[in-house]
2 protein chains.
Amino acid sequence: MQARKNFNDFFKSAFTVDNVIFGFDEGKLKILLIRRNEPPFEDFWALPGYFVQPKEDLEAAAARVLREMTGMENVYLEQLHTFGSPGRHNLGRVITVAYYSLVKIADFRPRAAGLAQDITWHTVDDLEQLAFDHEEIVAVALDKLKKSIRTRPVGFELLPPAFTLTELQHLYEAIWETELEKRNFRKKILSMGLLEDLNRTQEGVAHRPAKLYRFDEAIYRKLEESGFNFEMKESKSK
Amino acid sequence: MQARKNFNDFFKSAFTVDNVIFGFDEGKLKILLIRRNEPPFEDFWALPGYFVQPKEDLEAAAARVLREMTGMENVYLEQLHTFGSPGRHNLGRVITVAYYSLVKIADFRPRAAGLAQDITWHTVDDLEQLAFDHEEIVAVALDKLKKSIRTRPVGFELLPPAFTLTELQHLYEAIWETELEKRNFRKKILSMGLLEDLNRTQEGVAHRPAKLYRFDEAIYRKLEESGFNFEMKESKSK
DNA sequence: AAAGATAGTGTACAAGTTACAATAAGCGGG
DNA sequence: CCCGCTTATTGTAACTTGTACACTATCTTT
C-alpha cells in the first residue's frame with residue numbers, strides 16, 4: 001500500500017469549531033451571528049467560531065466560544081456535523097466541527113468588548129449570504145433541530161424557565177413552519193406529564209392571563225429510564 | 001482578545017477517518033475490524049481508518065478506506081461523529097471523523113493483499129478491547145443505528161437484494177436486542193407499501209419456503225416527497 | 001359595562017397498535 | 001406415499017392514540 005511513515009509526515013490541518021446558536025424571541029426562531037472584521041469575508045455575517053487550541057477538547061472549545069461571545073454557560077450544546085471540504089476556506093485547509101446550541105435568549109448579554117464586532121440575532125428565514133460555507137452549516141443545523149424537537153424535549157431550552165402553553169406551541173410552529181391545532185397540542189404535551197403547573201399566571205397582558213408551566217427534567221429522566229419515548233408529531237392540519 | 005495572527009500560526013492537527021462498517025449475517029449484527037500490525041496498539045483490533053489526504057474531502061476519504069479495505073463501493077455511508085480528545089492518540093493529536101456504513105455482507109471480498117493484516121467480521125455483542133477510543137466510537141455508532149432504522153428504511157442496506165420478511169424481522173430484532181411479534185411486524189412493514197413481492201421463494205430450505213421481497217427505493221422517494229414518514233417501533237412484547 | 005383579546009376545555013370519529021393461535025407449504029425419513 | 005418436522009402465512013377484536021372541530025372563561029382597556 002505504502003511505506004510506513006513517521007507520524008509527523010502525515011498531513012495536518014487547521015481546525016475550528018463553529019457554533020449554530022439558536023434562540024427564540026418574538027415568536028421567531030433566531031440564530032446568533034457575528035460580523036467579521038477581517039478578511040476573508042470581511043463584513044459578512046458568520047457563525048461564531050474559533051480555532052481549537054492544542055490541548056483543548058472539541059466540546060470544550062465550542063463551550064469556550066459560546067462563553068466568550070455570549071457570556072452564557074451551561075447551555076444545551078451538541079455536536080452537529082464536521083465540514084471539511086478542501087476548498088471551504090480560501091487561506092488553506094480548515095476543518096470545522098460544527099456544534100449547535102439552544103439558549104434562553106433573555107440571558108444573552110453580548111460581550112462585544114474587545115472584539116469590536118457586531119453580534120446580533122437574526123431570524124432564520126431571512127438570512128443574507130454568510131461567510132464560508134456557513135449557510136450550509138445553518139441548513140444542517142435547522143434540519144437537525146426540526147428532528148430533535150420531535151423526539152427529545154429540547155425545545156424547553158429555548159424558553160424561559162416559566163412559560164405558557166401557547167408560547168411552547170408557537171415555538172414548535174416556528175421551528176416546523178407549520179400551524180398546530182391548539183387543543184390537540186395541549187392534550188398531547190400535558191399527557192406526557194413532563195410539565196409542572198406553577199400555579200402562577202402571566203402578568204401585564206391585556207387579556208386573560210395564561211397559566212405558567214415549567215419543564216420537569218427530573219421526571220423526564222425517570223420516565224426515560226423506564227422506556228418512555230418523548231414524541232411530538234407535526235400534524236398536517238391547520 | 002488576542003493579537004491578529006497569521007493564518008499559519010494556528011495549531012494544526014492530523015486528521016483521520018474511521019469507519020464503523022456494519023454487516024448482518026447468521027442472524028447477528030457484525031462490524032468489520034482490522035488487526036493492527038504496528039504500534040501503538042499493535043495486535044489490537046481497530047476500526048478501519050486512515051489519514052485524510054491534503055486535498056481529499058472527508059466523505060471521499062471514508063469511501064476510499066472502505067474501498068481499499070473491502071473492495072466495496074457505492075454503499076451506504078454517513079458521517080457519525082467527530083472524536084478529538086487531546087489524549088485519544090498517544091503519538092500526538094489526531095482528530096478522527098467517524099463514519100458508519102451499512103453493507104451487504106455477501107459482497108465482501110477482503111482485500112488483505114498488500115496489507116498483511118487480518119480483516120474480519122466480529123459480532124457486536126462480544127467485542128474484545130479495541131485500539132484507541134474505538135470502543136466508544138462503536139458504541140456511538142450502535143446507538144445511531146438503533147435510532148436510524150426506526151425512522152429511515154436503512155435496514156435494507158444490510159440485506160441481500162431479495163430477502164424474506166423473517167430475515168428483515170431478525171435484522172430489527174438483532175439491532176434492537178428485542179423480540180418482535182410476527183404478525184404485527186409484517187402488517188406494519190407491508191402496510192407502508194415499500195416492499196415489492198418478487199413472486200419468488202427461498203430455495204433449499206427444509207420447510208415451507210418464504211416469499212422473497214425487495215425494497216423499492218423509487219417508491220420510497222416518491223412517498224417521502226409527499227410527506228410520508230417511515231417509522232418502526234420497538235414494541236415491548238415478545 | 002361593553003368590547004377586545006387570548007386562555008382554556010370535550011367529544012365523536014378515524015386510524016393505528018396490540019395481543020393472540022390456527023392453518024398452509026415445503027422437506028426428509030420411514 | 002404418508003407422517004412428522006419446521007417455518008410461513010394470515011385475521012380479528014380490544015384498546016390506544018390521533019384528529020377535527022367551536023364555544024365559554026377571564027382579564028384589560030375604554
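Every heavy atom of this structure was used, including side-chain atoms; hydrogens, water molecules and symmetry mates were not. To find a chain, count down the sequence lines: A is the first, B the second, and so on, and within it residues start at 1.
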Discussion item. Across nucleotides 25-30 of chain C, 5' to 3', mark each nucleotide with B, S or - according to how protein heavy atoms within less than 4.0 Å reach it.
Written reply: BBS---
Check the distance between [N]'s [atom2] and [X]'s [atom1] and give it to me in whole angstrom.
{"X": "B/Arg200", "N": "D/dA8", "atom1": "CZ", "atom2": "C1'", "value": "17 Å"}
{"X": "A/Gln202", "N": "D/dC27", "atom1": "CD", "atom2": "P", "value": "12 Å"}
{"X": "A/Lys211", "N": "D/dA25", "atom1": "NZ", "atom2": "P", "value": "16 Å"}
{"X": "B/Glu181", "N": "C/dA21", "atom1": "CD", "atom2": "C1'", "value": "10 Å"}
{"X": "B/Lys233", "N": "C/dT18", "atom1": "NZ", "atom2": "P", "value": "7 Å"}
{"X": "A/Glu179", "N": "D/dC21", "atom1": "CD", "atom2": "C1'", "value": "15 Å"}
{"X": "B/Leu190", "N": "D/dA8", "atom1": "CG", "atom2": "P", "value": "14 Å"}

Using a cutoff of under 3.5 Å, can you pull out all pairs of nitrogen or oxygen atoms linking the protein to nucleotides 1-3 of chain D, with atom names and distances?
none

Worksheet item: Side chain of B/Arg183, base of C/dA21: donor and acceptor closer than 3.5 Å?
Response: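 Indeed there is one.
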Worksheet item: Which pairs count as ring-ring contact (aromatic ring centres under 6.0 Å, His included) when at least one residue sits in residues 170-204 of chain B, sequence neighbours excluded?
Response: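 Applying ring-ring contact (aromatic ring centres under 6.0 Å, His included) to every pair that reaches into residues 170-204 of chain B, excluding sequence neighbours, yields B/Tyr172-B/Trp176, B/Tyr172-B/Phe185.
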Practice prompt. May I ask you to decide if the ring planes of B/Phe156 and B/Phe163 are parallel, tilted or perpendicular, using 30° and 60° as cut-offs?
Written response: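 If you compare the ring of B/Phe156 with that of B/Phe163, the planes turn out tilted.
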Worksheet item: How are the rings of A/Phe228 and A/Tyr220 set relative to one another: parallel (under 30°), tilted (30 to 60°) or perpendicular (over 60°)?
Response: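 A/Phe228 and A/Tyr220: perpendicular rings.
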Discussion item. With a 4.0 Å cutoff (strictly under), does any side-chain N or O of A/Arg186 reach OP1 or OP2 of C/dT9?
Written reply: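 The answer is no; no side-chain N or O of A/Arg186 sits under 4.0 Å from OP1 or OP2.
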Discussion item. Using OP1 and OP2 only, check whether a side-chain N or O of A/Lys188 sits under 4.0 Å from D/dG18.
Written reply: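 Result: yes.
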Worksheet item: If you check every side-chain atom of B/Asn184, which of D/dC21, C/dA7, D/dG11 has the closest atom?
Response: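 Nearest to the side chain of B/Asn184 among the choices is D/dG11.
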Fill in: Selected nucleotide, minimal atom distance to B/Lys187 side chain, candidates D/dG11, D/dT19, D/dT10
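The answer is D/dG11.
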Worksheet item: Is there any salt bridge (Lys or Arg N to Asp or Glu O under 4.0 Å) pair reaching into residues 145-156 of chain A, and which pairs are they, with sequence neighbours excluded?
Response: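 Found A/Glu78-A/Arg152, A/Asp143-A/Lys147, A/Lys146-A/Glu177, A/Arg150-A/Glu234.
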Worksheet item: So, for A/Lys30 and A/Thr123, which heavy atoms are closest and what is the spacing to 0.1 Å?
Response: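 What the structure gives for the nearest pair is CE-CG2, 3.5 Å.
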Practice prompt. Look at all strands and tell whether B/Thr166 reaches a base, only sugar-phosphate, or nothing, counting heavy atoms closer than 4.0 Å.
Written response: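 Sugar-phosphate only.
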Please tabulate, for the side chains in residues 191-210 of chain A, all donor-acceptor contacts under 3.5 angstrom to protein atoms that are two or more places apart in sequence or on a different chain.
| from | atom 1 | to | atom 2 | distance (Å) |
| --- | --- | --- | --- | --- |
| A/Ser191 | OG | A/Lys187 | O | 3.4 |
| A/Ser191 | OG | A/Lys188 | O | 2.8 |
| A/Glu196 | OE1 | A/Arg214 | NE | 2.7 |
| A/Glu196 | OE1 | A/Arg214 | NH2 | 3.2 |
| A/Asp197 | OD1 | A/Asn199 | N | 2.9 |
| A/Asp197 | OD2 | A/Lys211 | NZ | 3.1 |
| A/Gln202 | OE1 | A/Ala210 | N | 3.0 |

Practice prompt. Under 4.0 Å from any atom of DNA chain D, heavy atoms only: list the residues of residues 219-232 of chain B that qualify, in numerical order.
Written response: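 Per residue number, the list is empty: none.
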